[in-house]
Protein chains: 4
Amino acid sequence: MMNRVVLVGRLTKDPELRYTPSGVAVATFTLACNRPFTSQNGDREADFINCVVWRKPAENVANFLSKGSLAGVDGRIQTRSFDGQDGKRVFITEVVAESVQFLEPRSANSGSSNRGGQDFGYNGGQQQGQGSSPFGNQNQQRNQGFTRVDEDPFSNDGKPIDISDDDLPF
Amino acid sequence: MMNRVVLVGRLTKDPELRYTPSGVAVATFTLACNRPFTSQNGDREADFINCVVWRKPAENVANFLSKGSLAGVDGRIQTRSFDGQDGKRVFITEVVAESVQFLEPRSANSGSSNRGGQDFGYNGGQQQGQGSSPFGNQNQQRNQGFTRVDEDPFSNDGKPIDISDDDLPF
Amino acid sequence: MMNRVVLVGRLTKDPELRYTPSGVAVATFTLACNRPFTSQNGDREADFINCVVWRKPAENVANFLSKGSLAGVDGRIQTRSFDGQDGKRVFITEVVAESVQFLEPRSANSGSSNRGGQDFGYNGGQQQGQGSSPFGNQNQQRNQGFTRVDEDPFSNDGKPIDISDDDLPF
Amino acid sequence: MMNRVVLVGRLTKDPELRYTPSGVAVATFTLACNRPFTSQNGDREADFINCVVWRKPAENVANFLSKGSLAGVDGRIQTRSFDGQDGKRVFITEVVAESVQFLEPRSANSGSSNRGGQDFGYNGGQQQGQGSSPFGNQNQQRNQGFTRVDEDPFSNDGKPIDISDDDLPF
DNA sequence: TTTT
DNA sequence: TTTT
């Protein structure tokens, strides 16, 4: 059934990249989306929306986005639940990004003349090697030492990811 | 910032209608959206997405939708948090519907020749009186005896709605 | 770059199914989407939006939808142009559906207990044989005798489809 | 009925601002949205999508966007038709933007510390005076001398806008 | 637990 | 706590 989400916002922190036991990349991040209206106290609030992205776009996200980056997400809402450590069921609502668009312009001291708007869609994956990033390698550090975990994308305390290489929806 | 959600799914239960202290209608319901792909165990799963709708469309939802109804939602993702009764902060992600479309055809024994597709948008609110519903009044019972509560739409145990008539975003 | 469309409307005519020279199915149809507001003359108008869908979902559309069917579309806006017969360039804006959802309930005299909401997404293609349609074969006639054309989906007067099996975006 | 479009792309030219006879601002512009996949010849193509925006956001668009600007649009698809000068009916499909988001970062030599992501939604209209633009007044020229026309937003050869101040959907 |  |  129809389930479509489009967001533009800023990462509240650096994205986190993990791998399933079978080696599939998963990145998680939170987008702060400022609301287009003000609250009754007159201040501008934001929604903080948890996003998950799989495979190649996950690695692109980890490589090219960081805290504060402006990004667009096209995906679906997913809900799931697991048993929390206190024994009660925890319900999660998050966005599974099918594509992530990088909306930050390249930094001023970079050599490229490209202006923003790079797409990290799964179909549009142009398989850029990490070393040849047009954005430089200032984020490369973040990609080192990632442990392969078999965890729930947004938590460290529960519920293995029940996913296998063969059965991913995209 | 851009934040758009479009869903089509079925209500898992009858919607719940409440009123804020200042008399604003709020309806809450959960949409079951079947996923377009199967899990690794081969079964078709669903996402259960909590939705909130305000004002006139809230009353339309309460009047015309019930458990199992097929409905479309156009809205935004909202996050909020409150202190749970166990003292820890609870984070909520839900969809605030700006318009709800009724996708169930009118029942066979009804007199109208209209086929499905009725819209409950706030701008398109055609202000149908409860008593003159083209769908009959079989749901009207549900609208009686609603207590005016000042509660968080999806819970009975917390956090007053911090909203006033004057400051609604729509 | 982000480009997302979600529509719900009714087919203005039976869909048209064609095949490219290389055998790829393409269906075209027009969705009438009633506007949620009225014009200044007080009447409710509609937008008539041309849609194209490729491959398996194209065949599903041709088999299960017909004039008047309520359907949902999730896709992208596409523009293209070609030289019209009067020598001037014609510009086309249409929606390429990635998935089409059938929102009509099964007909009253059908044996299935399923209620509406069937999805024709490419990933969700459950490869239903034409002969085993749960909706009967009243539309099957429409699928016979389709000439394999190498035409622009919405016109008979021009411009070959520049697409090959290998290079489809989905 | 549901009809939702979200786009991110770059303006192909400076936006054009006009006013209806009753004084309502209308801006038109075309967004180039690069496709996330390549054509069979291996080159990356784009869709060129005509957009219309009304009232305050129209003026914001004219003031803050120009050729090449990266912008997001949230709106609806609209179709309309009129009689062309050659006597045949012309059909138009375009996007009516309900909100436009400015995704270009402010220019390097500006004094503000704000980074991109400004929203021009109708509800979020913060009513910035033209003279106090945080982006400087380099675009202000474009806003001078606009004739009040009663034309179809995207053409100079036809069909009066059938709209009045009182009957706008937003 | 939040971005600009 | 889930719909068809």
Side-chain angles (χ1 to χ4, degrees), chain A residues 1-3 7-16 28-35 43-51 65-73 79-81 88-93 103-105 154-156, chain B residues 1-3 7-16 28-35 43-51 65-73 79-81 88-91 93 103-105 154-157, chain C residues 101-106 110 112-119 134, chain D residues 101-106 110 112-119 134:
Chain A
M1 275 155 154
M2 234 148 256
N3 178 340
L7 305 171
V8 171
R10 291 188 181 280
L11 297 235
T12 61
K13 301 190 311 192
D14 286 354
E16 291 183 25
T28 57
F29 57 94
T30 300
L31 272 193
C33 294
N34 298 317
R35 295 187 183 157
D43 38 42
R44 190 150 289 259
E45 296 176 340
D47 297 294
F48 299 98
I49 304 169
N50 289 145
C51 300
L65 299 180
S66 55
K67 179 175 177 174
S69 298
L70 189 67
V73 158
T79 61
R80 55 193 173 81
S81 63
K88 33 185 298 206
R89 193 130 267 253
V90 181
F91 293 87
I92 301 287
T93 299
L103 294 168
E104 215 61 68
F154 274 102
S155 87
N156 283 319
Chain B
M1 275 153 155
M2 233 148 256
N3 178 342
L7 304 171
V8 170
R10 291 188 181 282
L11 296 235
T12 61
K13 300 190 311 192
D14 287 353
E16 291 182 25
T28 57
F29 56 94
T30 300
L31 272 193
C33 294
N34 298 316
R35 295 188 184 157
D43 37 42
R44 189 153 291 259
E45 296 176 339
D47 296 294
F48 300 99
I49 303 170
N50 290 146
C51 299
L65 299 180
S66 55
K67 180 177 177 173
S69 298
L70 189 66
V73 158
T79 60
R80 55 193 173 81
S81 63
K88 32 186 297 208
R89 194 128 264 253
V90 181
F91 293 88
T93 299
L103 294 168
E104 217 58 68
F154 274 102
S155 89
N156 282 320
D157 51 46
Chain C
Q101 191 183 2
F102 179 56
L103 294 169
E104 217 59 69
R106 37 159 241 76
S110 152
S112 158
S113 67
N114 183 289
R115 279 209 293 154
Q118 194 68 20
D119 224 329
Chain D
Q101 190 182 4
F102 180 57
L103 295 167
E104 215 61 69
R106 38 159 242 78
S110 150
S112 158
S113 67
N114 181 291
R115 276 209 294 156
Q118 193 69 19
D119 224 331

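Protein chains get the first letters and strands the later ones, always in sequence-line order, with residue 1 at the start of each. Here the structure is a predicted model, which means the values were calculated and not measured.
Closest heavy-atom contact between B/Met2 and A/Cys33: O-SG, 4.1 Å. Scanning all heavy atoms of the two residues, the minimum distance from B/Ser66 to B/Asp14 falls at CB-OD1, 3.3 Å.
With rounding to whole Å, B/Ile49 atom CD1 is found 16 Å from F/dT2 atom P. When the C1' atom of E/dT2 is taken as reference, atom CG of A/Asp14 falls 13 Å away, rounded to whole Å. Rounded to a whole Å, the CZ atom of A/Arg80 is 16 Å from the P atom of F/dT1. Protein atom NZ of A/Lys67 is 5 Å distant from nucleotide atom P of E/dT3, rounded to whole Å. In this entry the distance linking CG of B/Leu103 with P of F/dT4 reads 15 Å, nearest Å. E/dT3 atom P lies 12 Å from atom CE of B/Met1, rounded to whole Å. Atom pair B/Leu7:CG and F/dT3:C1' shows a separation of 14 Å (rounding to whole Å applied). Distance CG (A/Leu70) to C1' (E/dT2): 16 Å, rounded to an integer number of Å.
The listed nucleotides are E/dT2, F/dT2, F/dT3; the one nearest the side chain of B/Asn34 is F/dT3. Listed nucleotides: F/dT1, E/dT2, E/dT1. Nearest to the side chain of A/Arg89: F/dT1. Between F/dT2, F/dT3, E/dT2, one nucleotide has an atom nearer to the side chain of A/Phe48 than all others, and that is E/dT2. In the set F/dT3, E/dT2, F/dT2, E/dT2 carries the atom at the smallest distance from any side-chain atom of A/Thr30.
The CG atom of A/Asp47 lies 4.0 Å from the CZ atom of A/Arg35; values are rounded to the nearest 0.5 Å. Rounding to the nearest 0.5 Å places CG of A/Leu11 at 6.0 Å from CZ of A/Phe29.
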